[in-house]
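Here's the structure, in structure tokens; my notes come after.
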Amino acid sequence: MAIRANPRLIEELELYGAEDVSKCYHCGNCSAVCPFSRDPFLFPRKSMRYLQMGLEEKLKGNLDPWLCYYCGECSDECPRDAEPGETMMSLRRWLTSQYDFTGISRLFYRSWKIESAAILLVAALTGLGFWLFGSSVGSLGVYDGPGAFFPSSAIHKFDWALGFLLAGLLLVNCARMWWFSIGRDPKLRIPVSAYVRRLFLLPFHFFTQDRYRQCEKKRPWAIHLVLMLSYLTMLVLIMFFLHLVQSGPEIDWRVHAFGYLATAGLLGTTAFALYGRIRKTETHYKHSHESDWIFLILLGYVAGTGIVQHVLHRAGLNTAANITYLAHMMGVVPMLGLEVPFSKWAHLAYRPLAMYFSALQEEAMEARGRASEETARLRAA
Amino acid sequence: MGFEPRIVGFLCNWCSYTGADLAGTSRIPYSPSIRVIRVMCSARVDPTFVLRCLSEGADGVLVCGCHPGDCHYSEGNYKALRRMALLKRLVRDFGIEEERVRLEWVSASEGKRFADVVDDMTRKIRDLGPSKVRAVLAADRAER
Amino acid sequence: MAGKKLQIALYWGAACGGCDVAVLDTDEFILEVAALADIRLWPIATDGKYADVEAMADGELDLTLFNGAVRNSENEHIAKLLRRKSKLLVAFGSCAHMGGIPGLANQVTREEIFERAYLNNPSIEAGNHTIPLPRTNVNGWELAIPQFYQRVYKLDDVVEVDYYVPGCPPAPDQVKKVIQAIAGGALPPKGSVVGASERTVCDDCARTKKEKRVKRFYRPWEIIQDPELCLLEQGILCSGSVTRSGCGVRCPNSGMPCRGCYGPGPNVRDQGAKLLSAAASIVDSKDPEEIDRILDGIPDFMNYAYRFGLPASLLQRRFR
Amino acid sequence: MGECRIGVYVCNCGTNIAKVVDCDAVARAAQALSGVVVARSYKYTCSTPGQETIVKDIQELGLDRVVVAACSPRMHEPTFRRALQTAGINPYFLEMANIREQCSWVHSDPRAATEKAVDLMRAAVRRVVWHEPLEKRYVDMCRTTLVLGGGIAGLTAALEIAEAGKPVVLVEKRDRLGGNVARVDLTAPYLDSARDMLRDRMEQVRKHPMIQVLLESELEALEGYVGNFKAHIRTKEGPFDTPAGAVVVCTGYQEFDASRVEHYGYGRLPNVITSFELEQMLRQGRLLTREGKPPRCVALIHCVGSRSPEYHSYCSRVCCMTALKYGHEIKSALPRCYVYDLYIDMHAFGKGCEDFYRRTAEMKTMFLMYEKGDLPRIEPAGDGDGGGMLIRIHEKLSGEDIEVPADLVVLMVGMEPREDAARVARLVNISQDKDGWFIESHPKLDPVATTTDGIFIAGACQAPKGIPGSVAQASAASARILAKLAHEKIEVDAVFAEVDDNLCSGCRMCNELCPYTAIEYDATRKRSQVISALCKACGCCVAACPSGAIKGRHFTDRQITAQIEGVLEWASSQG
């Protein structure tokens with residue numbers, strides 16, 4: 001059955017940042033230089049082609065964009081400046097919006113105004129909520145412990161509640177990702193055993209970013225790894241050791257050590273990325289979608305306010321610390337609440353999943369290949 | 001060594017002779033049996049020439065022209081075609097194997113084809129053996 | 001040579017006698033010939049013996065008109081004898097000129113001829129298997145007859161010839177011209193063809209000639225011909241274009257295609273090859289199959305092309 | 001034939017010949033031949049010293065014939081002829097034996113190769129004896145030029161020549177000038193208006209005092225030869241004759257009849273149209289479907305009738321750019337309209353075309369590639385698609401089976417020779433290639449002349465080409481003609497056939513055979529004669545002449561026979 005081509009898709013993708021796709025005339029240089037492009041995941045050319053012809057369904061089930069780390073080689077090599085790298089980036093944005101069942105992601109990506117508005121709104125609500133809550137349970141002068149404006153125990157509960165909510169949302173989208181790329185394809189019948197056997201890929205890629213490491217340029221990987229680990233450390237500290245982080249004056253040195261390291265990591269990488277994007281130092285920094293800016297600003301803001309309120313607290317300026325803390329939360333909540341499930345941040349889940357699913361796909365295809373050969377041989381005999 | 005046929009080739013200047021030159025420039029080897037005589041067009045090949053070759057002891061005569069439709073002189077090759085058709089009948093009537101007289105189309109770009117034609121004709125004539133013409137005429141004379 | 005009578009001989013080799021008749025066909029002119037010449041040898045008309053000829057001094061004869069081809073050792077022997085005895089030796093008629101009708105025998109071997117003539121022939125009496133052999137022993141006596149050659153030769157294959165008078169037979173008025181010319185001592189360059197034109201029959205043929213394209217060949221009886229139009233253009237294979245004129249267009253004028261007895265023009269080496277070239281050139285088709293179909297309309301091309309000149313052709317005979 | 005003094009020069013061509021052929025042996029064999037005065041084996045005979053040796057020998061040893069056994073005569077015959085000329089003897093006293101291309105380069109056995117080389121050399125020696133001194137001849141040149149066709153090429157040629165002050169007669173079959181370009185709206189890749197380009201030229205041509213324009217006229221017959229043609233033209237006022245020195249054929253092309261490709265249903269489906277019908281719409285500025293609605297999706301199908309085994313194997317050259325141009329024109333007329341290009345390959349060679357392709361791509365034209373043998377299918381669409389058409393295509397670049405909706409399909413029809421091309425070719429005595437295009441005298445070095453002297457071709461009658469190509473070719477042809485007109489007389493090649501009037505019997509065998517109608521029959525004298533200026537020396541008539549009255553200069557029976565005897569001397573010595 002022929003697939004209907006949709007000439008409008010290419011226009012829609014422009015909103016996600018793919019502005020030069022139509023320039024491509026399929027010389028295939030991009031796929032040739034890409035260290036990752038190999039059968040059956042031939043990108044970026046194939047995805048470019050699907051996009052030009054507007055084969056929406058094909059693209060939805062296509063994991064290739066997640067297998068690309070935007071080292072920029074392809075864009076550098078492209079004779080037509082069709083920016084295959086950026087196209088893959090845009091496709092990742094588009095896919096995120098496709099996986100997301102709420103449709104919020106779609107809104108955000110198509111309009112930075114809506115995204116910013118949503119962030120500001122959530123920030124305002126958070127601010128208001130915490131102020132009322134804080135002033136009801138304690139006083140601005142007290143930082144932690146009984147009568148504190150923000151008792152860590154309460155925040156801790158809040159964090160977990162929020163955490164579960166996000167995980168829930170993310171899980172549903174991941175399930176949709178699975179459905180698009182594997183579930184709905186009758187040709188891909190994958191045994192449970194395979195799912196189990198390959199499961200290790202998830203944590204492996206999540207923690208090592210191993211595939212990113214294989215790109216020819218190593219620095220982007222290193223930076224990304226630092227950012228990711230710092231973020232992770234901070235997450236762990238907050239989710240599990242918040243009381244230790246917040247308690248004082250005498251403090252657990254481990255929390256200190258990790259806390260400072262992570263903060264340094266976050267701030268450093270954020271600063272670097274911002275600088276890069278402003279100066280367009282790298283190919284993958286040339287084109288910046290609004291969502292990229294919002295993400296970085298938000299990250300910087302959260303990390304910044306985090307460390308500032310910590311310092312104030314150390315300095316014993318509890319009132320100031322508490323107000324900063326409020327500001328901090330006004331950043332954290334929209335970041336976790338909106339960015340993680342609906343925007344750029346979601347890739348922390350989708351990328352490792354893509355590795356996992358693609359491995360499964362490949363295995364299934366090989367199996368089918370062997371099977372068909374087998375039947376052929378039998379028929380011949 | 002065995003019998004090496006002696007073939008006379010009449011090649012038209014525009015297609016076949018150029019084709020034969022191409023075989024040379026592209027170093028395509030073929031049997032040294034052929035001796036080429038250049039004519040402007042295969043239509044210049046007077047049947048008298050062919051009979052003359054046979055009476056002089058040629059083991060074969062090859063006439064090559066442009067492919068039908070490609071003649072430099074628009075239709076000369078068709079005229080050659082007609083003459084050769086009748087000539088083959090006459091040669092047969094003279095008791096000479098008609099394979100000894102052959103018409104082929106070889107274009108300027110067909111160096112390989114020219115080489116193949118020569119080799120094929122050489123092979124066929126080697127199988128036929130040498131032309132009897134000169135021996136028989138000599139025997140006749142010896143009788144008187 | 002005025003005053004003194006011309007000494008002439010007429011001889012026939014392998015011939016039908018038509019050429020001798022052609023001489024007689026000069027009607028009363030023959031009397032003038034008798035008046036101005038002594039006919040020393042003319043087997044068909046006068047009684048003369050080889051011995052008389054042998055007795056002559058070399059060059060004693062002013063002129064010998066030799067008609068007929070050389071088929072056997074006798075023909076050759078007498079040819080050589082007459083060559084020695086005559087100042088001028090003229091190949092008279094198609095047979096001496098080109099081998100003529102007897103020359104057609106060059107398509108078969110002597111054995112085949114004997115087979116047909118002496119062994120396998122309805123007119124042979126039962127049980128008679130005699131074939132002529134050069135030497136036979138008849139009760140002690142050896143009988144010798146001329147050797148029958150493998151093939152037929154034209155006169156100049158065996159002796160040097162001074163002039164050629166073509167035709168089968170030569171047209172009487174041409175004969176007259178030749179004899180008068182020689183009598184008058186007006187001799188053309190040695191070796192030339194006399195009593196004929198340098199051009200071909202078409203030159204004298206009254207039929208109108210247009211541009212020639214033939215879709216089919218006809219035997220003369222297969223078509224009702226246009227008496228005004230060139231026979232070749234009507235698909236009737238005519239040798240006029242490849243044949244010296246001089247005959248007075250005898251055949252075409254009587255509705256028959258020229259058979260080519262006067263032989264090719266001065267620049268043509270092989271009459272048959274030229275006829276081939278001409279005939280094939282006017283075939284109106286580009287498709288090999290159709291061309292073959294059209295050519296099928298010419299049965300037995302060889303016998304047509306070389307009717308009078310097979311021994312004079314480049315290949316001279318059939319090879320088997 | 002008096003005693004000749006022949007010099008034989010065996011070239012080693014460095015080692016090209018010498019490494020297989022024993023050149024010294026060949027020279028020795030030559031020395032032994034009668035008439036050979038000197039025979040030398042030399043490293044590079046074509047080199048300056050090599051040629052000087054020949055010149056020196058001719059002058060000092062009094063040679064009157066030269067044989068060079070070397071490369072192909074197609075390579076160096078002119079070189080050595082010049083050498084003979086320098087030495088003061090007729091250049092046609094040269095004969096070459098091809099012992100490189102047709103000997104040393106194709107045979108490895110030195111013995112056989114040397115034997116062959118000797119035979120070829122001997123043949124050349126035997127032949128050269130019979131060579132005759134030939135002189136180039138000159139005939140008067142008529143100043144008028146005849147231009148056939150009033151298209152862009154014809155207009156250009158006419159103007160170029162008239163501007164040089166030489167009279168031109170322009171014959172146009174139709175009732176107006178402009179040809180096919182007049183049917184075009186804009187031109188790729190610069191999107192200039194074809195009309196504006198033409199209007200100006202047509203005006204100049206109409207007004208030009210040196211140009212006589214004959215509309216609704218056709219060439220009926222062309223007699224004569226270069227410099228002295230006589231053209232019989234049928235005009236609407238009646239017959240018109242003019243002399244002409246040269247002729248430029250610019251009869252152009254005709255579009256491929258799309259209905260021949262039944263597969264696309266042209267003529268059956270209302271909204272399947274040809275590129276020329278689209279041009280018309282664009283020129284009228286009303287781009288509508290048959291239903292009178294502006295189309296939402298237009299599909300352009302490339303290579304209709306071109307690059308296919310059953311129709312034309314060649315590429316029509318301009319359609320790709322034209323299709324891209326439509327992409328622009330349609331988008332600018334209907335910005336919301338989607339354009340699909342269904343193509344085999346995109347041929348975007350030439351100035352500005354690659355950029356144009358890129359710009360079109362950026363305008364979101366959707367390019368769908370199909371396999372040559374596997375044409376897109378046009379099917380009626382479901383109501384969901386507004387009752388238009390659906391085009392199914394196996395898209396080559398993605399390997400996917402795709403369908404796209406379309407309410408207007410444009411068939412990019414290729415160019416083909418005009419129906420009357422064969423007639424024109426016959427009239428002016430030029431040849432057509434297997435596709436029917438007129439054949440130029442050399443595809444690379446002489447693309448405007450033809451095998452008939454004085455007949456030139458320009459524009460799309462020679463091969464599919466665009467406006468720049470046609471204009472360039474027309475200007476080139478005019479330049480060639482003006483160069484000829486710069487002289488009072490023109491040179492005619494020395495090699496041609498001639499009839500010996502003393503032998504011709506007027507059988508007219510040759511008349512029909514001549515491909516150049518160079519043989520005329522004098523009905524009163526009942527003789528045929530060759531118009532040497534028209535003759536191209538193919539020799540067909542020579543072989544056919546039953547009375548041996550026609551002589552093919554430089555390829556005479558005697559010369560070729562000598563050659564035959566030469567190559568077969570070995571064989572005959574055996575028998």
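Chain naming here is simple, since letters A, B, ... match the order of the sequence lines and numbering starts at 1 in each. Basis for what follows: all heavy atoms, side chains included, without hydrogens, waters or symmetry-related copies.
Both the backbone and the side chain of B:Asn13 come within less than 4.5 Å of a heavy atom in chain D. Contacts between D:Ala97 and chain B at a heavy-atom distance below 4.5 Å are absent for every atom of the residue. Proximity to chain D (any heavy atom under 4.5 Å) is shown, for B:Ile37, by both the backbone and the side chain. For D:Leu513, the parts sitting under 4.5 Å from any heavy atom of chain B are the backbone and the side chain alike. Looking at B:Tyr17, both its backbone and its side chain come within 4.5 Å of chain D, counting heavy atoms on both sides. Both the backbone and the side chain of D:Glu115 come within contact range of chain B, with heavy atoms under 4.5 Å apart. B:Thr18 touches chain D through backbone and side chain together, each having a heavy atom under 4.5 Å away. With a threshold of 4.5 angstrom between heavy atoms, B:Val45 approaches chain D through N, CA, C or O but not through any side-chain atom. If you measure heavy-atom distances from B:Val8 to chain D, the contacts under 4.5 Å come from the side chain alone.
If you take NE2 on D:His107 and OG on B:Ser33, they are separated by 7.5 Å, rounding to the nearest 0.5 Å. Of the inter-residue distances, the one linking B:Trp14 atom CH2 with D:Arg74 atom CZ reads 6.5 Å to the nearest 0.5 angstrom. If you take CZ on B:Arg44 and CG on D:Asp557, they are separated by 4.5 Å, rounding to the nearest 0.5 Å.
Contact tally against chain B (heavy-atom pairs below 4.5 Å) for D:Ala112, D:Ser72, D:Ser108: the top residue is D:Ser72. Per-residue heavy-atom pair counts under 4.5 Å with chain D were compared for B:Leu22, B:Thr48, B:Val133, B:Ile34, and the maximum is reached by B:Ile34. Ranked by heavy-atom pairs shorter than 4.5 Å toward chain B, the options D:Pro73, D:Ala113, D:Cys514 are led by D:Pro73. Of all the listed residues (D:Ala425, D:Ala123, D:Gly539, D:Cys538), the one sharing the greatest number of non-hydrogen pairs under 4.5 Å with chain B is D:Cys538. By number of non-hydrogen pairs under 4.5 angstrom with chain B, the leading residue of D:His554, D:Gln432, D:Lys116, D:Arg127 is D:Lys116. The choice from B:His67, B:Met40, B:Glu75 that makes the most heavy-atom pairs within less than 4.5 Å of chain D is B:Met40.
Considering every non-hydrogen atom in both D:Ile564 and B:Arg52, the closest pair reads CG2-CG, 3.8 Å. Looking at every heavy atom in both residues, D:Val106 comes nearest to B:Gly24 through CG1-CA, 3.7 Å. Looking at every heavy atom in both residues, B:Lys79 comes nearest to D:Pro515 through NZ-CD, 4.3 Å. Minimum heavy-atom separation, D:Ala543 to B:Ala43: CB-O, 3.4 Å.
Taking 4.5 Å as the limit, some side-chain heavy atom of D:Ile560 sits within range of a side-chain heavy atom of B:Val39. Annotation: side chain of D:Gln102 is in contact with side chain of B:Tyr30 (closest heavy-atom distance under 4.5 Å). Counting heavy atoms from C-beta outward, D:Leu568 and B:Cys53 have side chains that approach closer than 4.5 Å.
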**Request:** Would you check, one step at a time, whether the test side-chain contact (heavy atoms from CB on, under 4.5 Å) holds for D:Cys540 with B:Arg83?
**Result:** CA-CA 11 Å; D:Cys540 179; B:Arg83 291 176 189 151; 3.6 Å; yes
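Side chains of B:Arg38 and D:Asn98: no donor on one and acceptor on the other come within 3.5 Å.
The existence of a salt bridge linking D:Arg100 and B:Asp21 is excluded, since no basic side-chain nitrogen approaches an acidic carboxylate oxygen closer than 4.0 Å. Using a cut-off of 4.0 Å between Lys/Arg side-chain N and Asp/Glu carboxylate O, B:Glu4 and D:Arg111 are scored as not salt-bridged.
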